[in-house]
Amino acid sequence: MSLIPEIKPQQSIELLKELHILTRDGKINQDTRRKLKQVYHLYQFIEPLMADVLASKGSLTLADHGAGKSYLGFILYDLFLKDKAAAHVYGVETRQELVNKSVDLAQRLGFAGMSFLNLSVEQSITSDELPAQVDIITALHACNTATDDAIRFALAKDAKYIVLVPCCQAEVAAVLRQKKNETFGKTPLSELWRHPIHTREFGSQLTNVLRCLQLEARGYQVTVTELVGWEHSMKNELIIAKKVGGAKKSARERQESILRELNLEELRERFAY
């Protein structure tokens, strides 16, 4: 058992060292303690989703989209899935060097139910290296439109659960900024993003509102909460969506109204497909 109280007793210390969360002599610093706290907090949300899928169908596939160094996938697998033969975790990442490192680490730790794929979004949707249906999709700190890519992937794979922590969202803010003068004459709501700092923050907030409406329109029940305390991260919004079936027409109508009212109709293809 670890002498560091934050580390879960069933957690592989060797894994945490390989992920550089612990030093080689088993110590932890403030930055890595913060990272571990975030991943553990996210684990608390995802563990019951994995349990639900396993209980309902006896197997589980999970794809971590934009996996990076696969911190999340490795810790989910180590804490909950490594003793479940019918479970498989896929790390999807475009940087080949990170994929290679994850493949090597999984082999050394004996994590046979993990695969790492060097694929783009478009490739991952149609690749025969991934199953046609994936139960849970995660995307942790997916920057800018990478969260939208993860949503598109999840919808194509008919995911039961989607877990998103968006980050660094700039696209909507850029369109708001570009059309600011034009929009001033259309709606007094433009005051919400008249100042640059408000443009950035409002654009980020609006992006996630449109994403939630998109998911509701496609038959998902959506919960939005914070990941960890604000003292740990400003990129803190956690979106969890559960497939409940049936398109929600009112969500699509509200989404269309927002895009029209705020002069963002050029973004319809991204948010309203």
Side-chain angles (χ1 to χ4, degrees), residues 2 4-24 26-47 49-50 60-82 87-119 124 134 136-144 146-147 149-150 153-154 161-168 226-229 232-240:
S2 170
I4 300 174
E6 296 97 326
I7 296 176
K8 295 181 182 298
Q10 72 270 39
Q11 180 81 75
S12 165
I13 298 301
E14 185 59 30
L15 171 64
L16 295 184
K17 290 180 179 180
E18 291 284 357
L19 293 176
H20 303 293
I21 290 174
L22 292 181
T23 62
R24 278 296 156 198
K27 295 181 180 178
I28 188 169
N29 63 38
Q30 193 58 39
D31 286 341
T32 52
R33 178 176 276 112
R34 187 180 299 113
K35 182 185 290 290
L36 184 64
K37 181 174 181 177
Q38 285 190 27
V39 176
Y40 274 178
H41 195 66
L42 188 55
Y43 172 80
Q44 292 178 346
F45 288 99
I46 299 175
E47 188 271 339
L49 312 185
M50 296 188 293
L60 167 70
T61 51
L62 182 150
D64 185 23
H65 193 84
K69 296 178 181 178
S70 292
Y71 287 97
L72 179 61
F74 275 116
I75 287 177
L76 292 177
Y77 190 83
D78 185 41
L79 291 180
F80 191 75
L81 298 173
K82 64 186 176 186
H88 202 97
V89 174
Y90 297 88
V92 183
E93 171 59 47
T94 58
R95 289 166 287 182
Q96 183 67 64
E97 68 276 12
L98 296 183
V99 171
N100 293 343
K101 288 179 180 179
S102 293
V103 168
D104 178 65
L105 177 56
Q107 289 175 344
R108 283 188 281 116
L109 294 174
F111 288 0
M114 296 192 77
S115 300
F116 302 92
L117 308 173
N118 177 217
L119 296 171
S124 67
V134 177
I136 301 175
I137 309 298
T138 61
L140 179 60
H141 294 152
C143 285
N144 203 19
T147 297
D149 295 337
F153 176 85
Y161 291 106
I162 307 170
V163 182
L164 307 168
V165 180
C167 184
C168 305
E226 68 175 15
L227 176 58
V228 290
H232 295 286
S233 174
M234 294 299 288
K235 310 300 181 184
N236 198 37
E237 192 163 332
L238 172 63
I239 300 171
I240 300 176

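Keep in mind that the numbers below use all heavy atoms, side chains included, and drop hydrogens, waters and symmetry copies. A quick note: this is a predicted structure, and the numbers were derived from the prediction, not measured.
- Side chains of Pro166 and Ile239 form a contact here, defined as non-hydrogen atoms less than 4.5 Å apart.
- Note that CG of Leu36 is 9.0 Å distant from CZ of Arg33, once rounded to the nearest 0.5 Å.
- When all heavy atoms of Phe153 and Ser124 are compared, the pair lying nearest together is CD1-OG, 3.2 Å.
- Looking at heavy atoms from C-beta onward, Asp78 lies in side-chain contact with Gln11 at the 4.5 angstrom threshold.
- In terms of heavy atoms, Leu164 sits closest to Ala150 at CD2-CB, 4.2 Å.
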Validation: residues 65-76 side-chain donor-acceptor distances under 3.5 Å, sequence neighbours left out:
{"residue": "Tyr71", "atom": "OH", "partner": "Leu19", "partner atom": "O", "Å": "3.3"}

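- Taking both residues in full, the closest heavy atoms of Phe111 and Lys82 are given as CE1-CD, 4.3 Å, listed atom of the first, atom of the second, then distance.
- When the salt bridge (charged side-chain N to carboxylate O under 4.0 Å, His left out) test is applied to Glu93, the partners found at least two apart in sequence or on another chain are Arg95.
- Note that the CG atom of Leu109 and the CG atom of Asp104 stand 9.5 Å from one another [nearest 0.5 Å].
- From Thr147, atom OG1 reaches atom CG of Leu140 across 10.0 Å, with rounding to the nearest 0.5 Å.
- Using a distance-only test at 3.5 Å, with no hydrogens or angles considered, a donor-acceptor pair links the side chain of Tyr40 to the main chain of Lys8.
- Using a 4.5 Å heavy-atom cutoff, the side chains of Leu22 and Ile7 are in contact.
- The side chain to side chain contact (heavy atoms under 4.5 Å, CB included) search around Asn118 returns Gln96, Val99, not counting sequence neighbours.
- Nearest heavy atom pair, residue Arg24 against residue Lys17, reads O-NZ, 3.2 Å.
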Given His20 and Thr32, is the side-chain contact (heavy atoms from CB on, under 4.5 Å) satisfied, shown in steps?
CA-CA 8 Å; His20 303 293; Thr32 52; 5.9 Å; no
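- In this structure, OG on Ser12 lies 9.0 Å from CD on Glu18, to the nearest 0.5 angstrom.
- Summarising the geometry, atom CD1 belonging to Ile21 is positioned 10.5 Å from atom CD1 belonging to Ile13; distances are rounded to the nearest 0.5 Å.
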Worked check of side-chain contact (heavy atoms from CB on, under 4.5 Å) between Leu62 and Tyr77:
CA-CA 10 Å; Leu62 182 150; Tyr77 190 83; over 6 Å; no
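- With rounding to the nearest 0.5 angstrom, the CD atom of Gln107 is 9.5 Å from the CZ atom of Phe116.
- Ile240 approaches Val163 most closely through the heavy-atom pair CG1-CG1, 4.4 Å.
- Side-chain contact between Gln38 and Leu42: absent, with no pair of heavy atoms (C-beta onward) separated by less than 4.5 Å.
- The two atoms that bring Ala87 and Leu81 nearest to each other are CB-CD2, 3.8 Å, heavy atoms only.
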Could you walk me through whether Ile28 and Leu16 pass the side-chain contact (heavy atoms from CB on, under 4.5 Å) test, one step at a time?
CA-CA 10 Å; Ile28 188 169; Leu16 295 184; over 6 Å; no
